[in-house]
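Inspection log for the structure reproduced underneath, given as structure tokens.
Chain letters run A, B, ... following the sequence lines, proteins first, then strands; residues in each count from 1. As a basis for the values below, the full set of heavy atoms in this structure was taken, side chains included, without hydrogen atoms, waters or symmetry mates.
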Amino acid sequence: MDNFLLGVSIFLSVLAILSLYRAIFGPTDMDRIIGVGAVGTKTLVILILMGFIYKRVDMFIDIALLYAIINFIGGLLFARFFMRKGVL
Amino acid sequence: MIQRTENIIIRTICRILIPAIQLFGLYVIAHGHGSPGGGFQGGCILAASFILMVIALGLEETKRRFTEKLNNIFSSLGVFVYAWTGWMCLLLGANFLDYSVLSAILPADPIKARYLGMFSIEVGVGITVMAVMVSLFIDLVTGGKHGEGL
Amino acid sequence: MAPVAVVLISIGVFFMFSGTIGFLRFPDFFTRMHSTGKSDTLGIVLTLTGLALYNLDHGLTLASFLVSLKIMFIAIFWFAGSPTVTHAITRAAFKSKIEPWTKDGRSVIDWPPDKEETK
Amino acid sequence: MRYVLTFIILFAHWIIWSGIFDAYHLSLGVISCGIVTYTSHSLLFERKEFRAVHIKEVTRFIKYFFWLFYQIVLANIHVMRISLSPRMLDLIDPRIIKFKTKLKKDISLVTFANSIILTPGTITVIIEEGYYYVHALDRKVAEDLPGEMEDRVGHIFMEDRHG
């Protein structure tokens, strides 16, 4: 089972790197934002998987929840920041 | 002035999520000994909830809830708590922040007193970090004028 | 519990994979938003449900049950938060005049379409 | 009343997160929940009084949630087929459609908008004066709007009876 979880987290890392392509080369600013957001979703799952692999789920779960909150607030703030002269 | 968002979705969801985020920040401060986190991290999460409030309800409403005066009081209160926890140890004849001697004035044995001293330090750090982060954010987004911005 | 968890995690990861592929292939911003905002949400919810079930596999104690509840709490948080972020970014893009990619050039149409139009 | 309700909800969250049940941590939990209740009770509940109808709303919402999850899975498979297909550009026909809604309350507008967003193939772009602007990925998903989902959301929050 541990090997399965490890494989899943490696696969997710590959997906995160693929999403990073849009974050770097995205034609518009908004593409970059959702690229970063997509990397964030994969990182969230990887954090919990790491908790299972290191047998410290109760510890990593707090970090994952914090990561989810930061991702949420970051997305909203970036969306608001890149929309000039407007109210979100 | 950062206006209240006219967008129903963001306003409603933020209204529902802000209390949960604030409670999570307090949880991180209170459980700093047994799980990752502590004063600084918890203070940052509390500040994040206020940033969310600025997005959802606007700067004016946020300032009515968490006024400039309250902000100043909080940012010095945290340092006050931190410093006096240290000074109490000094006054009781030990080193700065050597909590175990606090058992002389607290109804607890030295191990429990060390625990409580650590907790009060974390509360002080958390309060200061929250207040300073919020005022930093407001100053940054408005260019220091607290008027136009973002 | 473990086989169910494996199946759920595999399906969730597959949804995330298809979301990433769509994210790379779709032609413009709005269509990319479709694939990354949605498939990732369903993928995360399925994966976290699978992990919560797997966590209960080591023996049902109060502590492990609470940890599973916490994992489900993250899933619910994501379920409420992710559409909001998607909406905020799409709205910001629309307001800052990013043109949607369409086949016939008419980006905004009334719905349901008029009778003459469908003929 | 809303103070009590907020406190109970927050304390349930605290118990799930904390997982330590000695007097010290529980008293910290009571203090923290008290602080958060005092600062943000008006955020969580806007209305002041509660009636028995609102319990019914919660149960209906949970029922609706399962139906929505089923729809999400169906629509996800549809979008997955599009995004993995080699002839992707022929299959999609994206456009922004605009339709009038009959929902009025804030909470039902938000629930409907978030349901539209969670169902793949459609994103709510703007809500303006009773009009929804929805970006749809192809014609098939656009034809389902507003449709059954709006009726169900209106049924949860009792739009027709002003409950």
Side-chain angles (χ1 to χ4, degrees), chain A residues 1 4-5 7-9 11-12 14-19 21-22 26-31 33-35 37-42 44-49 51-52 55 57-62 64-69 71-88, chain C residues 2-3 5-6 9-10 12-14 16-17 19-21 23-24 26 28-30 32-33 35-37 39-41 43-44 47-48 50-52 54-55 57-58 63-64 66-71 73-75 77-78 80-82 84-98:
Chain A
M1 192 68 190
F4 173 71
L5 293 181
V8 166
S9 39
F11 184 66
L12 284 175
V14 174
L15 288 187
I17 292 169
L18 285 178
S19 314
Y21 171 81
R22 277 281 171 229
T28 62
D29 291 342
M30 297 296 165
D31 283 312
I33 298 173
I34 54 175
V39 173
T41 56
K42 275 100 188 168
L44 174 67
V45 179
I46 291 173
L47 272 175
I48 300 178
L49 286 168
F52 277 101
K55 307 272 188 295
V57 193
D58 50 339
M59 216 137 181
F60 278 80
I61 205 83
D62 286 352
L65 183 50
L66 178 57
Y67 200 86
I69 291 173
N71 212 351
F72 172 69
I73 296 177
L76 283 184
L77 263 179
F78 273 126
R80 182 152 187 167
F81 180 72
F82 280 107
M83 182 175 59
R84 314 270 177 211
K85 289 181 188 142
V87 180
L88 188 66
Chain C
V6 169
I9 294 172
S10 312
V13 169
F14 184 68
M16 286 167 95
F17 168 72
T20 310
I21 295 299
F23 184 45
L24 292 175
F26 274 132
D28 83 324
F29 167 75
F30 289 94
R32 269 175 219 143
M33 203 76 218
S35 83
T36 180
S39 305
D40 275 9
T41 307
I44 271 201
T47 313
L48 292 191
L51 285 174
Y54 174 62
N55 185 42
D57 203 34
H58 300 303
S64 72
L66 283 175
V67 168
S68 289
L69 272 184
K70 262 184 183 174
I71 298 179
F73 182 84
I74 297 181
F77 182 89
W78 201 261
S82 164
T84 313
V85 174
T86 307
H87 170 74
I89 296 175
T90 320
R91 185 185 157 97
F94 187 71
K95 289 248 167 169
S96 54
K97 307 274 191 292
I98 293 179

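Shown here are the salt bridge (charged side-chain N to carboxylate O under 4.0 Å, His left out) partners of Asp28(C), two or more places apart in sequence or in another chain: there are none. Shown here are the side chain to side chain contact (heavy atoms under 4.5 Å, CB included) partners of Ala64(A), two or more places apart in sequence or in another chain: Leu44(A), Leu47(A), Ile48(A), Ile74(C).
By the 30° and 60° cut-offs, the orientation of the rings of Phe52(A) relative to Tyr54(C) is tilted.
The CD1 atom of Ile21(C) sits 6.5 Å away from atom CG of Leu18(A), with the distance rounded to the nearest 0.5 Å. Summarising the geometry, atom CG belonging to Asp31(A) is positioned 4.0 Å from atom CZ belonging to Arg32(C); distances are rounded to the nearest 0.5 Å. Between atom CG of residue Asp58(A) and atom CG of residue Asn55(C) there is a gap of 9.0 Å, rounded to the nearest 0.5 Å.
For Phe11(A), the part lying near chain C is the side chain, with the backbone staying farther off; criterion is any non-hydrogen pair under 4.5 Å. Contacts between Ile9(C) and chain A at a heavy-atom distance below 4.5 Å involve the side chain alone, from C-beta outward. For Leu65(A), the parts lying near chain C are the backbone and the side chain together; criterion is any non-hydrogen pair under 4.5 Å.
Counting only heavy atoms from C-beta outward, the side chains of Val85(C) and Asn71(A) never approach each other to under 4.5 Å. Counting heavy atoms from C-beta outward, Tyr21(A) and Phe23(C) have side chains that stay 4.5 Å or more apart.
When all heavy atoms of Leu24(C) and Arg22(A) are compared, the pair lying nearest together is O-NH2, 3.1 Å.
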